[in-house]
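Note sheet for the following structure.
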Amino acid sequence: MIRLYDSVDGEVRELNLRDPGRVSMYVCGPTVDNLPHLGHGRFTLVWDVARRWFTFRGLDVNYVSNITDIDDKIIARSLQEDRSTAEVVATYEALWWEAMDQLGVARPDEAPHATDYVPEMIELISAFLEDDIAYTISDGVYLDVSRVPDYGLLAGQPLESLRVGARVEAVEEKRSPLDFALWKNAKAGEPSWPAPFGDGRPGWHTECVVMSLGLLGDDFDLHCGGLDLKFPHHENERAQAVAAGRVFARHWSHNGLVMVGGEKMSKSLGNFTSLTNLAETSDPRAYRLLVLRSHYRSPVEVTTATIADAERALARLDAFARRFELAALAGDTLEVASRREWIGEGAALYEEVAAVLDDDLKTPLAVAMLFDALAAANTQADAGDATGAQNLAKAINALFGALGLSLHSKEDDVDSRSADLVTRRDAARGAKDWAQADRLRNELVTLGWIVEDSSTGTLIRRP
RNA sequence: GGCGGCGUGGCCGAGUGGUUAGGCAGGGGCCUGCAAAGCCCCGUACUCCGGUUCGAAUCCGGACGCCGCCUCCA
């Protein structure tokens with residue numbers, strides 16, 4: 001039984017699935033108008049972990065996450081870069097998937113593009129106009145939120161208090177400042193699609209409702225995204241579904257934001273670090289570990305210091321993997337618990353970790369338990385209980401793998417010159433010729449190796 | 001102004017009515033020819049003021065500070 005916080009109820013409750021054993025989840029994806037930043041990294045990591053965990057527990061997960069490929073920002077970028085919106089989209093979408101691969105975020109089962117769903121959006125908007133739920137003004141078509149029962153459900157506020165808080169009205173013709181654009185009339189030089197209510201392009205809130213319902217069907221299980229999308233984006237998605245008489249998401253879940261210097265990281269504040277830059281300056285697994293060590297709903301401060309902290313913790317995990325010769329897990333294939341062996345203390349560990357992860361994905365607790373288990377396995381091995389330690393180590397590896405974190409004990413390619421130096425050093429050490437052994441060690445260090453002595457002789461690895 | 005959330009040891013970051021979260025850093029020890037790496041051990045913290053309680057960092061009230069959303073944002 002999986003329990004998860006629901007953003008509408010404001011409490012943790014059992015994940016009540018439409019079809020038992022199957023999870024349909026929709027995660028609001030990026031607008032590809034710029035380099036993906038750490039905030040995007042967090043939401044993709046958080047929901048990747050959720051997906052992996054559900055799968056690990058034997059649920060059949062259908063994971064859909066969109067790519068927004070038409071939007072004001074994309075148009076602005078195409079003007080700025082003096083090339084077509086299609087080229088802008090191609091560039092930044094490629095960078096997006098590259099960043100996802102580097103983070104070890106598994107590809108969604110489906111990654112729909114907004115522009116592939118324009119006919120469906122037009123159909124929906126036409127129906128709204130027919131029912132007078134939407135209205136046309138000079139620059140486009142808007143949804144009349146007063147026609148939507150329970151508008152404000154996600155915001156946790158009634159329509160009236162939202163209206164009071166609404167900021168400067170951009171379009172005075174709107175009936176209410178809260179009414180939002182379903183369709184934006186085409187301007188010269190902008191991409192547009194023909195529609196009975198005028199050529200133009202879809203508003204942001206319309207694509208997600210069409211794609212989520214289209215691919216997952218009515219009453220799908222889980223709608224996820226960053227906390228900053230809760231209102232108005234998700235509110236407006238839901239408003240359209242309700243207005244169309246469709247049953248929308250059974251559960252809503254939102255991840256906390258990435259903070260930098262106490263402020264939210266965002267495109268609009270311009271205080272972002274790109275994932276591309278992160279991958280260049282650190283082991284991408286460090287960010288996953290950092291994300292796992294904070295609860296998904298909490299804000300997390302990401303700095304070079306906290307990333308470096310995670311990298312050092314990772315070094316310890318890697319050393320553990322080397323000691324127990326653990327297989328590298330957590331690739332593109334999602335792990336499933338039933339395919340692994342759980343023996344002795346490993347089985348007990350799995351029970352404990354599963355209990356906290358099933359309960360609102362308490363990854364920080366799970367990670368703490370895994371570190372405790374790591375120390376226990378080391379102690380057992382030191383005491384000579386190789387079998388017990390190995391069982392525990394395998395479980396630890398499998399559970400980190402379940403969360404998408406690979407403890408890789410990868411072998412570095414050793415060139416013949418280095419291999420020769422290793423052989424000669426072992427010979428020198430055998431002959432207790434310490435001066436020669438130290439000289440050979442220095443040579444290896446100069447070649448960029450970390451040199452370690454072991455019971456089987458000199459070991460070298462890359463930093 | 002409305003709604004939501006937060007304030008924990010040097011840093012990051014969990015959790016909880018009374019037993020050490022965990023990681024990193026730091027200290028000690030083991031191993032080692034010396035190193036390196038690794039392993040083991042060590043921290044008694046919870047913004048402030050009241051209250052409830054045998055007992056609160058954990059519950060309640062208040063204060064102060066901070067953050068998010070109400071505008072595009074993951």
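A, B, ... follow the sequence lines: proteins, then strands. Residue 1 opens every chain.
Taking atom C1' in both B:U58 and B:U8, the straight-line distance is 11 Å, to the nearest Å. Between B:C31 and B:U16, the distance separating the two C1' atoms is 39 Å to the nearest Å. One C1' atom belongs to B:C46, the other to B:G15, and the distance between them is 11 Å to the nearest Å. Look at the C1' atom in both B:C60 and B:U53: the space between them is 12 Å, to the nearest Å. Comparing the C1' positions of B:G43 and B:U20 gives an interatomic distance of 9 Å, to the nearest angstrom. Look at the P atom in both B:C12 and B:C30: the space between them is 34 Å, to the nearest Å. Rounded to whole Å, the P atom of B:G13 lies 16 Å from the corresponding atom of B:C67. For the C1' atoms, the distance linking B:G23 with B:C42 amounts to 16 Å, nearest Å.
Rounded to a whole Å, the CD atom of A:E301 is 14 Å from the C1' atom of B:G7.
In this structure, A:H37 reaches the bases: a heavy-atom distance under 4.0 Å links it to at least one base atom across the strands shown. Note on A:R439: nothing from the nucleic acid sits closer than 4.0 angstrom, heavy atoms only. Using a 4.0 Å heavy-atom distance criterion, A:G29 is classed as a sugar-phosphate-only contact. Residue A:D438 is classed as a base contact, given a heavy-atom separation below 4.0 Å to a base. Residue A:N255 is classed as a base contact, given a heavy-atom separation below 4.0 Å to a base. Using a 4.0 Å heavy-atom cutoff across all strands shown, A:V258 reaches at least one base atom of the nucleic acid. Within 4.0 Å of A:A313, counting heavy atoms only, lie sugar-phosphate atoms of the nucleic acid but no base atom. Counting any heavy atom pair closer than 4.0 Å across all strands shown, A:A381 reaches no nucleic acid atom. Residue contacts for A:S294: at a heavy-atom cut-off of 4.0 Å it reaches the sugar-phosphate backbone alone, with no base atom in range.
Phosphate contact (OP1/OP2 of B:A74, side-chain N/O of A:K230, threshold under 4.0 Å): absent. For the pair A:R316 and B:G23, the criterion of a side-chain N or O lying under 4.0 Å from OP1 or OP2 is met. For the OP1/OP2 pair of B:A14 and a distance below 4.0 Å, the side-chain nitrogens and oxygens of A:S298 include at least one atom meeting the criterion. Phosphate contact (OP1/OP2 of B:A74, side-chain N/O of A:K267, threshold under 4.0 Å): present.
With hydrogens and angles ignored, no donor-acceptor pair closer than 3.5 Å exists between the side chain of A:N378 and the base of B:G38. If you check distances only, the side chain of A:R293 never reaches the base of B:G15 with a donor-acceptor pair under 3.5 Å. Judged by distance alone with a 3.5 Å cut-off, a donor-acceptor contact links the side chain of A:D309 to the base of B:G23. A donor N or O paired with an acceptor N or O is found under 3.5 Å between the base of B:C34 and the side-chain atoms of A:R441. Between the base of B:A35 and the side chain of A:D453 there is a donor-acceptor pair shorter than 3.5 Å.
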Please list every donor-acceptor pair under 3.5 Å in which a side-chain atom of residues 369-376 of chain A meets a protein atom from a residue at least two apart or in another chain.
none

Dot-bracket assigned to RNA chain B with the 3.5 Å Watson-Crick/G-U criterion, [ ] for crossing and | for other-strand pairs, is (((((((..(((.....[...))).(((((.......)))))....(((((..]....))))))))))))....
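Among the nucleotides B:C34, B:A74, B:C39, the one closest to any side-chain atom of A:R425 is B:C34.
For the pair A:W434 and B:G33, the ring geometry qualifies as stacking, because the centroid separation is below 5.5 Å while the planes lie within an angle under 30°.
Note on A:K184 versus A:E190: no salt bridge recorded, every NZ/NE/NH1/NH2 to OD/OE distance being 4.0 Å or above.
Using a 4.5 Å cut-off on side-chain heavy atoms (C-beta onward), A:H295 and A:K362 make contact.
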